**Student:** 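The structure under discussion is supplied below as structure tokens; questions concerning it will follow.
In this text the structure is predicted, and so the values were computed from the model without any measurement. In what follows, every chain begins at residue 1, and chains take the letters A, B, ... in the order their sequences are listed.
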Number of protein chains: 2
Amino acid sequence: MLSERKQKVLEAVVREYISTAEPVGSRTLFRRHNLGVSSATIRNEMADLEEMGYLEQPHTSAGRIPSDLGYRFYVDNLMQTDPLPKGEQELLRQVPASGITETDILLSQVSRLLSQVSNYISLVLGPRADRGVLRTLKLVPIEEHVAMAVLFTDRGKVESRVLVLPPQVEPEDLEGLARYFTRRLAGRPLEEITGELLGVLYAELLEDYRAKRARLGELAQALVNWLASGGRPVRIYTGGTQNILRQPEFQDLEKVRRLLALLEEEELLYKLLEREPGVTVTIGQENELPAVRECTVVTSTYCMDGEPVGVLAILGPTRMDYAHVISLLEYMADCLSEAFSNISARHAMVIQKTKTAAKKPV
Amino acid sequence: MLSERKQKVLEAVVREYISTAEPVGSRTLFRRHNLGVSSATIRNEMADLEEMGYLEQPHTSAGRIPSDLGYRFYVDNLMQTDPLPKGEQELLRQVPASGITETDILLSQVSRLLSQVSNYISLVLGPRADRGVLRTLKLVPIEEHVAMAVLFTDRGKVESRVLVLPPQVEPEDLEGLARYFTRRLAGRPLEEITGELLGVLYAELLEDYRAKRARLGELAQALVNWLASGGRPVRIYTGGTQNILRQPEFQDLEKVRRLLALLEEEELLYKLLEREPGVTVTIGQENELPAVRECTVVTSTYCMDGEPVGVLAILGPTRMDYAHVISLLEYMADCLSEAFSNISARHAMVIQKTKTAAKKPV
DNA sequence: TCTTAGCACTCTCGGCGTGAGAGTGCTAAC
DNA sequence: GTTAGCACTCTCACGCCGAGAGTGCTAAGA
């Protein structure tokens, strides 16, 4: 473990470097942070810290900068997070509070706010819809050749999609098909309803129907495809890409290019944002993706009905204002969770009333 | 009008500059393009062209580069577009042909391909849904307190959305409401159905219903909101942002920053992509947006059922491979138009998917 | 034994001058 | 009207130099 004084020095180096982006020397440390000892002593401590791997020297006779390990120690042991400034709190709160019900718009605003306030890149992973357990699949005829497929879960979530019917499909067929899928799939978590399972079902179904009406197969196929896609793909919102160009560590265009390329690779981003609930911080080399090995990714999950469904993230240089970013993400995640719960609560209220009313039909 | 020789010189300068990105001098022109005259003559012609505004000199004793006007003349009069190389054709065709029915995925692939093949930034404006004439609005009861609003146009296009019903709403109410909206709106182009018109309708409706059932107003309000949003907002897909970093004219980080900032401003992008049908080219200062005053934007529209509904665009430096980009966009637009027509013609495909998550308590 | 002052040493960075290279404009001859 | 020749200009890469910042080491002090 580090001696108290070493910790103080390390913290001072990290703080100084985060705010100035310049390698920090013993003299400046001596002047600006009153550590109670001379620059020479600080110098010795810094030499020790370097040997222990917490600091690095870009070149001899330059100051030191924190290593990934140094940042890690700082984040885990030294950093103290203050609550977000009131001004920023209000800025953030305004969005979820403004009653925007379109998730799409809401999340892109959130992304924009995050990048504005943090001055780094923001990433927002939309709420995944595949939680919950399938309750019913319905096929509702709408017009002559049009039906709508609707999917209910135990949480009342609904995905739906319009289907154009092949000729000669009759209402009974639709009903049969829906009953069949419901019977076979009800009670299963949505995430279990994968292509594999559906393949089996589809084969079975064809078996049944081949004799009767071949055209129905086409419809079933469309349904299977839809189900297999797990509802709507989860979108990722990015914002503030231009911010990294302001960071001195990204004057190297090649680095910027790699990062921009990453931001267009949805698959990689999904991987990057696959995080456990709460706040996580991965620093530099701790990241798996090569493109962000010189960056830090801070994430925070937000919830719907108490269950984590999406991720907010900030991507910036390892020289990042950790304390601020973490408070920011925590706060925003709370706002979002609350916003989603509000929506959900309002509906709940409405439905609650409906139920009582329904008991004694008017 | 320019003499034939001047035109040849101008063309040679543009071609040379496009491929090398270096100011071109009379001597290199003399060596690489055989214009049949000496470098001295070329020099004189270039001096003339500069005076006429077609060429510019970064500084005395450097070669010349084309001005915006020079590029304009080149595009309008000198450039000859070859058909797209077979290899690229195949690459582009594979996507719309691969039977992807999700517009979302299709268009993001298109965007990716465009930027890959062109090496510039690609922009894709999704198909606007507000063409066509409203035919019917239906409210289909689905479960006890859930209904689905479905909107049909003369082209068979459909938007739909799940609505959670207030209590005490009965099937007749739904029918009545739908009939009312249909009666008042049928035959109108979707783009005319704006908030203003709907406000009138809503007021009228409240008048009618107040006496009977206040709660119905809430439902009507939801409907009006939905209609006023003109269906789903049209998304813009971007790709290849990292490509501009490869362009020598974008070594200046400030320029890059402005461009990246622009790409996150959806409103501005809508404006940028508001184009007339067919191929358009705006060069440098011809652009209204300051952020792209040093860029060229080439656009091409794609169609559904013969009517332009969306835009493909390439954004790059004014020193752009115009001929290639134009062929590329034309070809891709054709592919897309065809893909969309196929979908609509076969009528076997899913047209639209609803994005909704209505909720209920467990 | 720990801390501190002093000092020589190292390394980067910006400014400056220089020369090569590329290109021009002008003039005079064809 | 075209071309060769030539003097001139401007940029850019290179190398040099000195200032500045910071280090490591040593020796003296607490």
**Student:** Among B:Leu315, B:Thr238, B:Leu114, whose side chain to side chain contact (heavy atoms under 4.5 Å, CB included) with B:Ser122 holds?
**Tutor:** B:Leu114

**Student:** Can you find a side chain N or O atom of A:Arg64 that sits less than 4.0 Å from OP1 or OP2 on D:dG24?
**Tutor:** yes

**Student:** A side-chain contact here means heavy atoms from C-beta on lying under 4.5 Å apart; do A:Leu259 and A:Phe250 qualify?
**Tutor:** yes

**Student:** Over all strands shown, is B:Ser26 touching base, sugar-phosphate only, or nothing at heavy-atom distances under 4.0 angstrom?
**Tutor:** sugar-phosphate

**Student:** Grab the CD-C1' distance between A:Glu45 and D:dT23 for me, whole Å please.
**Tutor:** 16 Å

**Student:** Within this structure, what is the CZ-to-C1' distance between B:Arg5 and D:dT3, rounded to whole angstrom?
**Tutor:** 11 Å

**Student:** In whole Å, what is the span from the CZ atom of A:Arg31 to the P atom of D:dG20?
**Tutor:** 14 Å

**Student:** Does a distance-only test, which skips hydrogens and angles, find a donor-acceptor pair under 3.5 Å between the side chain of B:Arg43 and the base of C:dG25?
**Tutor:** yes

**Student:** Can you measure B:Glu16 atom CD to C:dA22 atom P for me and round it to whole angstrom units?
**Tutor:** 14 Å

**Student:** Specify the separation, in whole Å, of atom CG of B:Asn44 and atom C1' of C:dT27.
**Tutor:** 12 Å

**Student:** Checking the side chain of B:Ser39 only, and the main-chain atoms of B:Ser26 only, is there a donor and an acceptor separated by less than 3.5 Å?
**Tutor:** no

**Student:** Classify the nucleic acid contact of B:Ala40 as base, sugar-phosphate or nothing, counting any heavy atom under 4.0 Å across all strands shown.
**Tutor:** base

**Student:** Between A:Thr41 and C:dT3, is there a contact of a side-chain N or O with OP1 or OP2 at under 4.0 Å?
**Tutor:** no

**Student:** In whole Å, what is the span from the CG atom of B:Leu29 to the P atom of D:dT3?
**Tutor:** 14 Å

**Student:** Closest to the A:His59 side chain: D:dT23, D:dG22, C:dT12?
**Tutor:** C:dT12

**Student:** Hey, does the side chain of B:Thr60 come within less than 4.0 Å of C:dG25's phosphate (OP1/OP2), counting only N and O?
**Tutor:** no

**Student:** Within a strict 4.5 Å, meaning less than it, do heavy atoms of the A:Tyr54 and A:Arg72 side chains meet?
**Tutor:** no

**Student:** Whole Å only: how far is the CD atom of A:Glu4 from the C1' atom of C:dC2?
**Tutor:** 17 Å

**Student:** Given D:dG5, is OP1 or OP2 found less than 4.0 Å from the side-chain N or O atoms of B:Arg27?
**Tutor:** no

**Student:** What about B:Ser61: does its side chain form a donor-acceptor pair under 3.5 Å with the base of D:dT9?
**Tutor:** yes

**Student:** Can you name the nearest heavy-atom pair linking A:Tyr120 to A:Arg319, along with the distance?
**Tutor:** OH-O, 4.1 Å

**Student:** Nearest-Å distance, CG (A:Leu49) to P (D:dG24)?
**Tutor:** 12 Å

